[in-house]
Amino acid sequence: MTETAKYDCPMRSKLSVRCAAAAIIVVLASISLLASAAKADHSLSKLALPVDCNLGKDCFVQQMPDVGPGPLANDPLCGDATYDGHDGWDFRVRSVVDVARGVPVVSAADGRVLRVRDGVPDRIMVDGDDTAQLEGIECGNGVVVEHGSGLTSQYCHLRMGSIVVRPGMPVTQSTQLGLIGSSGQAQFPHVHFAMQRDGAAIDPLTGRFLREEHGCGPTLSGLFAEPVRRMMERPALAILATGLSSMPPTLPSLVAGEVPVAKNGGEATLAWVWAINMRQGDQFRIQIVQPDGTTMLDQSTEPLPRRMANYLAYSGRRRTIVPGTYRIVIDLLRDGVSDVTTQMAVHVKK
Ligand SMILES: [Zn+2]
C-alpha cells in the first residue's frame with residue numbers, strides 16, 4: 001500500500017504599515033550621530049538570521065517571498081517555493097511542541113522598535129476557516145524594527161505573550177524580540193520575516209524590491225551576512241520527520257505534535273515521511289529493514305504531478321509489528337537521483 005496526502009500551506013500575512021515620507025535636511029550633525037549612522041549602515045549589509053535556531057535541523061524555510069511582478073509565483077532563487085503576493089520569508093518549526101519549547105525570534109540588525117502588537121491567540125488555521133475575524137491582524141503578534149536608511153523589518157505570528165520589547169526600545173543585532181508562534185493568519189507555526197525600504201517591500205536575500213521584472217537570481221548584493229546568505233541560498237527542500245507505525249499520521253496531526261508510535265502487535269508495518277518544498281517529479285524511496293536484518297519493503301512512490309509545499313508519503317506491508325529494532329531508510333529522489341537521505345532506528349518494546 002502506498003498512499004500520499006497533500007497539505008498546501010498558502011499563508012497571507014500583513015501588518016498594516018502606514019508610511020509617512022519625511023524629508024529632513026540636517027545641516028549640522030555631531031560626530032557621534034555620524035558614527036551611529038555609519039554603524040547602522042554597516043549592520044544593514046550584514047543581516048543576521050531572524051531566528052535563533054539551527055536552520056535545516058530544528059527550523060526550516062517553508063516559503064520565500066514572491067519576487068516576480070506577475071501572477072506566477074517566483075521565489076528569490078528563481079524557483080517556486082512561494083505563492084503569489086507573499087512578501088516575506090517564513091521560518092517554520094515542525095509543530096506546536098516546538099512553539100511550547102520556545103524558539104527565539106531575534107532582530108536581524110541593530111535598530112529601534114517602531115511598533116508592537118501582542119494579545120492575539122495562537123492557533124493553527126485550516127482550509128475553510130473563517131478569516132474575517134483576523135482582518136487587520138493577519139500578522140498576529142508582531143514587531144516592526146526600524147534600522148535607519150529607510151529600512152524596516154517586520155516579524156509576524158509570534159507566540160502570544162512572548163514579546164519582550166516595547167516601542168522606542170533600541171535593539172542590537174540578534175536581540176530577542178519574542179518567540180515563534182502561530183498567531184494571526186498562520187497555517188503552521190512560524191515567523192514571517194519581511195523587510196521594507198522607504199515603505200516598499202524588498203527581498204533581503206537579493207537586496208532588490210519585490211515585483212521587479214528580474215527579481216530573482218544573484219544574491220551577492222543582498223543584505224545578509226555571508227554565512228547566512230549561503231544558508232539561505234540552499235533549496236528549501238527538507239525532510240521534517242519520519243517514523244514507523246501501523247497507521248499513518250496526517251499532516252495536521254504532525255503539526256499538532258501527535259506522532260504515532262510503533263507498538264508490538266500492530267497489525268501493519270509502515271514507514272512514513274514528511275517533507276516540505278517538493279518539486280514536480282520528486283519521489284521517495286522508502287525502505288524498512290526488520291529486526292532480523294531482512295528488508296521488508298523497498299518501494300518508490302510515484303513522481304509528484306506538481307509542487308507540494310507540504311507532503312506526506314507512506315508505504316508498508318500488512319505484517320504484524322514485532323519487538324526489536326527496525327531501520328527505516330528514506331531517499332528523496334530528485335531527477336531520479338537521491339538528493340536527501342535520512343535513516344532512523346525504531347525500537348519496539350515487548
Ligand atoms: Zn509568510
Side-chain angles (χ1 to χ4, degrees), residues 7-17 47 49-51 53 55 59-68 71-77 79-96 98-99 103 105-108 115 117 120 122-127 129 131 134-145 152-160 162-163 177-196 200-206 209-211 215-216 223-224 232 235-236 238 240 251 255 276-277 307-310:
Y7 183 60
D8 271 321
C9 290
M11 197 284 303
R12 291 174 189 277
S13 56
K14 223 176 262 180
L15 183 64
S16 60
V17 177
L47 294 188
L49 209 57
V51 281
C53 52
L55 195 64
C59 61
F60 307 87
V61 171
Q62 175 72 71
Q63 288 164 154
M64 303 180 193
D66 174 22
V67 298
L72 278 180
N74 206 357
D75 74 37
L77 305 178
D80 55 4
T82 183
Y83 63 85
D84 186 29
H86 190 233
D87 68 357
W89 285 79
D90 289 345
F91 296 93
R92 75 165 297 156
V93 290
R94 291 180 177 87
S95 75
V96 297
D98 301 302
V99 173
V103 178
V105 172
V106 301
S107 182
R115 287 190 296 281
R117 178 172 54 225
V120 183
D122 293 276
R123 61 180 290 238
I124 302 290
M125 297 198 64
V126 295
D127 288 342
D129 272 359
T131 57
L134 292 171
E135 201 171 327
I137 54 166
E138 292 89 343
C139 172
N141 305 314
V143 177
V144 176
V145 179
T152 58
S153 57
Q154 180 191 25
Y155 311 78
C156 292
H157 312 304
L158 306 192
R159 194 171 104 185
M160 189 169 77
S162 74
I163 295 175
L177 305 174
L179 299 171
I180 286 183
S182 59
S183 57
Q185 201 163 323
Q187 291 184 311
F188 49 93
H190 68 288
V191 57
H192 171 94
F193 171 65
M195 292 201 73
Q196 294 192 336
I202 60 165
D203 170 38
L205 184 61
T206 61
F209 286 101
L210 301 188
R211 328 276 178 257
C216 72
L223 303 180
F224 284 110
M232 305 274 283
L240 264 52
L251 283 164
V255 173
I276 58 171
N277 286 308
R307 159 183 150 75
M308 299 293 278
N310 264 270

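When a residue number appears, it is its place in the shown sequence, counting from 1. Whatever order the structure lists ligands and atoms in, that order sets their numbers, starting from 1. Predicted model only: the values in this text are computed from it and were never measured.
Using the six-membered ring where Trp is involved, H192 and H157 have ring planes that are perpendicular, over 60° apart on the 30 and 60° scheme.
Between the side chains of N310 and Q62, at least one donor N or O lies within less than 3.5 Å of an accepting N or O.
For H86, the nearest N, O or S atom to the Zn ion (ligand 1) falls under 2.8 Å. When distances to the Zn ion (ligand 1) are checked against a cut-off of 2.8 Å, D87 contributes no N, O or S atom below that limit. For the Zn ion (ligand 1), the N/O/S atoms of H190 include none lying under 2.8 Å.
Each of M125, R94, Q63 was scored for a side chain to side chain contact (heavy atoms under 4.5 Å, CB included) with F188, with one residue passing: Q63.
Looking only at distances, a side-chain donor or acceptor of D66 sits under 3.5 Å from a matching main-chain atom of N74.
For H192, the N/O/S atom at the shortest distance from the Zn ion (ligand 1) is named ND1. Atom OD1 is the N/O/S atom of D90 found closest to the Zn ion (ligand 1).
Side-chain contact between F193 and P204: present, with at least one pair of heavy atoms (C-beta onward) separated by less than 4.5 Å.
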